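The shown structure was predicted, so the numbers you read here are calculated from the model rather than taken from an experiment. Below, each value reflects all heavy atoms present in this structure, side chains not excepted, and no hydrogens, waters or symmetry copies.
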Amino acid sequence: MASKQLAIDQLVDQSQVDQPTKKQLKQTAADFQHFYDVTGSFPGWNQLSSDELAIYVESLNQSGKSREQINQEIQALSQLGDLLMTKGQISTNPLTLTALYANYLKSERRYSDDTVTAYREDLKAFQDFLTHNGGFKGWNRVDRLDVQVYLTQLHDQHDAETTVSRKVSSLRSFFNFLIKNHLAKQNPFDDVRIKKHPRSLPRYFYEPEMTALFKAVDGEGKPLDYRNRAVLEILYDTGMRVGECASLTLPQIDNDVRMILIEGKGGKQRYVPFGHYAVTALNNYYRYCREPLMKKYHQEHQYVFINNRGKPITPGGIEYILKQVMKRSTLTGNIHPHMLRHSFATHLLDHGADIRSVQELLGHSSLSTTQIYTHITKETLQKSYQQFFPRAKEGATHDDHNPK
C-alpha cells in the first residue's frame, strides 16, 4: 500500500495547486485507497474504473457526511484523476460525476454506447461553457442563472431547437440523478421549457422497397451473405433496435415457439415472434457462416451475429452491412437500421394490427410514442385515396353534380 500511496503523493506534490489543496488531495487519496485496501480490492490508481467510484459514493452517503462534504471529496477525487491523466497514467478520468452517471446509464439503464457518449458530450459542453465563463465550481453549485446564460449562448449560436431540447433533456436527467444520490439539492433545469415542434414522420420502406432489399441481400451466396440475410430478416421481422440485434444471444431465441426474448432499454424485456423466413435465414446462417467462422477463428461465445473474424458484431457493423445491401439494390437514398424498425411498425398497422399490440412489440413504454406510426398510415391512406379515387384527382368531372 505504501508504494501506491507514495506514487499518488508524488503526483500531488508535483502539481501546481496550493498547499491546503495538496493536503486535502492527499487525505482524500488516502481515505479512498484505505476503503478498498480493507477488503484487499484496491486495483491501483492506474486501473480504476467508475465502478469503484460508484461503490465509494454509496459508502459516503451512508457515512452521515453532509452533501457538501461528499461533493468536496468527489471533487478532490476528480482532481486526482486529472493529475493521473496529465501524467499519462490513465486515458480517461473515471473519478468524475459524469463518469459515475455514464456508469449508471450503461449498467442500470442499459443504454447503448452511442447513447451514453451523446449524454457525456452534452454534459461536457455545458461544463466547458461554465469553465470558460467564470469557472466551473462543481455540479452542485450550478444555479438557474448559469442555465439562463447557457441557453442564451445556444440561441446566439443558432443551435436548432431540437438540439437545444436534447441538451436540456440530458442535463435535466443528469441533475435528477445527482439529487437521487444526494449529490445535489435542486435541479436548475426543472423550470426550463423548450417549445416543441411537431415531430417529423419517421422514414420507412414501402413493401416493394423491402422486397428489393431482400433481393439484393443474398449477394453471391458467400458465407457472410447468409449472415447479412439473417440480420435483415431479424431486424424487419421483429422491429428490434440495432443495439438489441447486436447484443442478441442464442439462448434468447426459442425456435420451437418462434419467439425472441429481447433485452430493451432500461433492462426491460419483451417477447417478439418471428416468421418462417427468419427461421430459414437463421438456420442457413448458422450452418454456412456462423459455425465455420467460429471454428476457423477459435471463438466461443453466445452472441448470434458475428463479424468476419467470428467475434460479436457491433451496431456499427450492422449499419455497414445494410449500407452495402442498399448499394447493391435498385433503391436510391440512405438507409439506417431504425428505418427497418419503422417499416415493421408501419406495415403491421397497414395490415390491421391494433396499436397496443404494436406498442408491446416495439417495447415502447408510452402509447404516445407508438402513435407516430398512425400518422404514417393516415398519410398512406391519403396517398392511396388521391391516387385511386376518381373524384380526388384534379380535373375530375363534376357533371353529375351540375343541374342542367
Side-chain angles (χ1 to χ4, degrees), residues 8 24-25 27-36 39 41-86 89-131 136-142 146-147 166-190 265-267:
I8 199 71
Q24 181 190 4
L25 292 178
Q27 185 60 53
T28 300
D31 292 343
F32 182 76
Q33 186 171 324
H34 176 71
F35 174 78
Y36 283 101
T39 59
S41 60
F42 185 69
W45 287 98
N46 61 341
Q47 298 292 326
L48 290 172
S49 71
S50 51
D51 287 332
E52 280 80 34
L53 179 62
I55 296 170
Y56 190 63
V57 168
E58 186 176 350
S59 74
L60 291 176
N61 281 328
Q62 296 173 357
S63 68
K65 291 186 177 182
S66 68
R67 184 185 296 109
E68 190 67 27
Q69 289 173 320
I70 293 173
N71 273 288
Q72 285 177 356
E73 282 208 45
I74 296 174
Q75 198 163 346
L77 285 170
S78 179
Q79 284 182 268
L80 290 169
D82 288 340
L83 289 177
L84 291 166
M85 284 181 63
T86 301
Q89 295 195 24
I90 56 175
S91 56
T92 56
N93 188 349
L95 301 176
T96 67
L97 286 178
T98 52
L100 185 66
Y101 181 55
N103 179 284
Y104 160 77
L105 292 178
K106 192 167 184 177
S107 62
E108 294 191 36
R109 299 298 300 273
R110 306 291 285 275
Y111 284 2
S112 69
D113 290 341
D114 288 343
T115 302
V116 173
T117 299
Y119 272 88
R120 294 196 72 161
E121 287 175 351
D122 288 341
L123 298 179
K124 184 178 184 303
F126 183 53
Q127 185 174 351
D128 288 346
F129 168 80
L130 295 175
T131 300
F136 177 68
K137 302 177 180 65
W139 291 107
N140 62 318
R141 299 289 184 85
V142 175
D146 294 323
V147 173
R166 189 205 70 236
K167 290 181 177 181
V168 168
S169 177
S170 297
L171 288 158
R172 183 185 289 119
S173 297
F174 173 62
F175 277 99
N176 283 337
F177 167 79
L178 296 184
I179 292 171
K180 181 180 177 182
N181 287 276
H182 312 290
L183 298 170
K185 189 175 182 179
Q186 60 184 6
N187 191 332
F189 285 87
D190 263 350
K265 287 184 176 180

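Taking both residues in full, the closest heavy atoms of Pro43 and Leu48 are given as CG-CD2, 3.7 Å, listed atom of the first, atom of the second, then distance. Taking both residues in full, the closest heavy atoms of Tyr36 and Tyr56 are given as OH-N, 3.8 Å, listed atom of the first, atom of the second, then distance. Contact detail for Ser50 and Ala99: the closest heavy-atom pair is CB-O, 3.6 Å. Closest approach of Thr28 to Ala76, counting heavy atoms only: OG1-CB, 3.5 Å.
Ring geometry for Phe42 against Trp45 counts as perpendicular: the plane angle is over 60°, on a 0 to 90° scale with 30° as the lower cut.
Within the 3.5 Å criterion, the main-chain N or O of Leu183 finds no donor-acceptor partner in the side chain of Asn140. Between the Ser78 side chain and the Ile74 main chain, no donor and acceptor come within less than 3.5 Å of each other.
For the atom pair CG of Leu95 and CD of Gln79, the computed distance is 11.5 Å after rounding to the nearest 0.5 Å. Rounded to the nearest 0.5 Å, atoms CG (Leu123) and OG (Ser173) are 9.5 Å apart. Gln72 contributes atom CD, which lies 12.0 Å from atom CG of Leu60 (distance to the nearest 0.5 angstrom). Summarising the geometry, atom CG belonging to Leu83 is positioned 6.5 Å from atom CG belonging to Leu25; distances are rounded to the nearest 0.5 Å. Here CG of Asp82 is found 5.0 Å from CG of Asn93. Values are rounded to the nearest 0.5 Å. With rounding to the nearest 0.5 Å, the separation of CG in Leu100 from CG in Asp51 is 9.5 Å.
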Pair Asp31-Gln27, side-chain hydrogen bond (donor to acceptor under 3.5 Å, both in side chains): steps then yes or no = CA-CA 6 Å; Asp31 292 343; Gln27 185 60 53; 2.9 Å; yes
From CA spacing to verdict: side chain to side chain contact (heavy atoms under 4.5 Å, CB included), Phe177, Leu97 = CA-CA 10 Å; Phe177 167 79; Leu97 286 178; 5.9 Å; no
request  = Given side chain to side chain contact (heavy atoms under 4.5 Å, CB included), test Ile8 with Leu84 step by step and report yes or no.
outcome  = CA-CA 8 Å; Ile8 199 71; Leu84 291 166; 4.0 Å; yes
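Using a 4.5 Å heavy-atom cutoff, the side chains of Arg166 and Asp122 are in contact. For the pair Val116 and Asp113, the minimum side-chain heavy-atom distance is 4.5 Å or more. The closest side-chain heavy-atom distance from Asp146 to Leu130 is below 4.5 Å.
Side chain to side chain, Ser49 and Glu52 meet the donor-acceptor criterion of an N or O pair below 3.5 Å.
Taking the six-membered ring for Trp and the full ring otherwise, Tyr104 and Tyr119 have centroids separated by 6.0 Å or more.
Residue Tyr101 is tested with Phe174, Tyr111, Phe175, Trp139 for a ring-ring contact (aromatic ring centres under 6.0 Å, His included); the sole match is Phe174.
The salt bridge (charged side-chain N to carboxylate O under 4.0 Å, His left out) contacts involving residues 61-75 comprise Lys65-Glu73, Glu68-Arg141, where partners must be two or more places apart or lie in separate chains.
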